[in-house]
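What follows is a short report on a single structure.
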Amino acid sequence: MRKSIGLNLKFFFVLTFTLLLIFLNGCSKEPNDVGFGLLPENEIFNVKVYEDSVEVYAENIQNFISNSSSNILFIGNYENISCAVLIRFDIPDTLRDVKLNWARVRLFKSGSFIGDSTIPAHFTAHKVLSNYYDTLYDSRVIGEFNNVPDSVNYFQIDTSVVREWLLGKNYGLYLKPQNYGVIWAFNSLDEMLYTPALEVEVQKNDGRIDTVRFFYGSDGYIAKATGEVDTNYIVLQSGVGLRSILKFDVSKVPKNIIVNRAEISLYLKEKVKYGTAGVDSLIGSFITDSELLKKSLGGLEGNYLGLRNPLDTLEYIIPVTTPVQRWVNGEGNKGILLRCYNEQDNFDRYVFYFKDRRPKLKIYYTTKPGI
């Protein structure tokens, strides 16, 4: 019995050792090209490289970035960034017949700001005239705030507007920044605690006075880039939706090939970081419809993560193997959309060379002999 067990153990160790050798041999530090060692010598693929940095087109565009799910409401003006706020409170019509003594909006300061914190947050409140997601608003000021924010802040609004809301015409408020040099952050309705509120003092028919608070609704901040974008560079900026379309001419690439790897290289001129929320990465996406893209209505497929080259801190590399294979296979080449990895709640700005140091497309591909 013991002899049988010993033979079995010996066989087990020999088998394990053999499998380990096979595994280590397959995990060589110098990997072969795809298919090498698996095909007969007369069918081994020839790895070739195509590189282009001449036939390249770039266009900077600005898309709308939705911040309706953010926990923060940014408002103010700083450098090339302008932030306004849309906010609407859901209020029932059960108060339509009571007297409104006053109404005010409560905002809790968030922990972040951009710029000079000694400059007050100054904004005016306006009645939104149509759908909440539009920025069509009445020029008449119905409320105003002009202070360095405290932990909790209030500003009065015209009760006649609240009365309209109670009658069913509730499109919310547009908070328009009036200051320069700072962007302040307040908690949004998506925060679990310390959320904005509409507070209304009502006088009931029996003479009693009560304060009613409304915590539910919809809100978000609208960030835009101001000023002109230098067309000599590729400019990407989070928050404000500055993106770039990059298009390479791949008509010179041989047909009927297998793209093993393709990558775009961009070369950084400067980066400006605002706060700590940003991530030092880029995203490339396959463009399916340029018109929809420019209208912020889609037209994209795939997210290809671009990272900084650890051996060259000015080079960012974006893998585009699948898009290039699709172009080679005959799909329309509308380019790659470049954007920042995290476009919400930060305003990090990347400026890449375009004319002085061209972006580069490098393609590693394989063909069979005779193709």
Side-chain angles (χ1 to χ4, degrees), residues 56-70 74 78-83 114 135 220-248 262-275 277-308 314-320 322-324 326-327 332-355 357-361:
V56 56
Y57 161 86
E59 178 186 359
N60 294 315
I61 64 172
Q62 184 170 8
N63 282 154
F64 171 75
I65 304 297
S66 174
N67 295 295
S68 60
S69 62
S70 172
F74 281 114
Y78 181 72
E79 294 186 354
N80 74 315
I81 309 163
S82 180
C83 295
I114 299 171
T135 53
Y221 67 91
I222 303 170
K224 296 180 180 178
T226 59
E228 297 294 325
V229 177
D230 193 337
T231 56
N232 292 313
Y233 301 97
I234 294 171
V235 182
L236 312 177
Q237 189 167 10
S238 297
V240 296
L242 282 183
R243 300 170 168 181
S244 187
I245 297 172
L246 194 62
K247 183 177 179 180
F248 289 88
E263 56 192 28
I264 292 173
S265 291
L266 301 172
Y267 301 97
L268 186 69
K269 178 180 183 290
E270 65 180 14
K271 181 177 72 173
V272 181
K273 190 170 182 62
Y274 301 95
V279 178
D280 191 16
S281 302
L282 308 176
I283 290 290
S285 295
F286 184 90
I287 299 175
T288 58
D289 192 313
S290 302
E291 294 303 315
L292 288 179
L293 170 64
K294 293 180 180 181
K295 295 176 181 178
S296 303
L297 296 175
L300 298 173
E301 287 183 5
N303 293 317
Y304 306 100
L305 179 63
L307 300 173
R308 186 168 56 179
L314 297 182
E315 182 185 24
Y316 285 72
I317 300 175
I318 304 171
V320 288
T322 299
V324 172
R326 292 174 67 174
W327 296 333
N333 179 6
K334 298 178 176 62
I336 294 291
L337 180 72
L338 304 175
R339 63 187 190 274
C340 297
Y341 177 82
N342 178 18
E343 292 188 304
Q344 286 190 329
D345 297 346
N346 81 97
F347 301 98
D348 291 354
R349 180 182 177 92
Y350 294 79
V351 180
F352 294 97
Y353 289 103
F354 176 61
K355 293 188 175 179
R357 191 176 183 186
R358 309 285 278 183
K360 181 172 61 178
L361 172 65

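Computed over heavy atoms, backbone and side chain alike; hydrogens, waters and symmetry mates excluded. A quick note: this is a predicted structure, and the numbers were derived from the prediction, not measured.
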Within 45° cone and under 6.0 Å: K269 NZ/CZ vs Y233 ring: yes
Side chains of S285 and R339, donor plus acceptor under 3.5 Å: yes
Any side-chain donor near an acceptor of the partner, S70 and D345, under 3.5 Å: yes
Atom pair CG/CD1 of N303 and I318 - distance to nearest 0.5 Å: 11.5 Å
Nearest non-hydrogen partners of I245 and K334, listed with the distance: CG2-O, 4.0 Å
Residues in side-chain contact (heavy atoms from CB on, under 4.5 Å) contact with E79, at least two apart in sequence or another chain: Y274
Polar side-chain atom of T288 near backbone of G299 as donor-acceptor pair, under 3.5 Å: yes
Face-on cation placement of R349 at F347 ring, 6.0 Å and 45° thresholds: no
Stepwise ring-ring contact (aromatic ring centres under 6.0 Å, His included) check, F352 with Y316: CA-CA 9 Å; F352 294 97; Y316 285 72; 5.4 Å; yes
Verdict with supporting geometry, D280 and K271, salt bridge (charged side-chain N to carboxylate O under 4.0 Å, His left out): CA-CA 10 Å; D280 191 16; K271 181 177 72 173; 3.5 Å; yes
Side-chain donor-acceptor pair present, Q237, N80, cut-off under 3.5 Å: yes
By side-chain contact (heavy atoms from CB on, under 4.5 Å) - contacts of L305 (at least two apart): S281, I283, L307, Y341
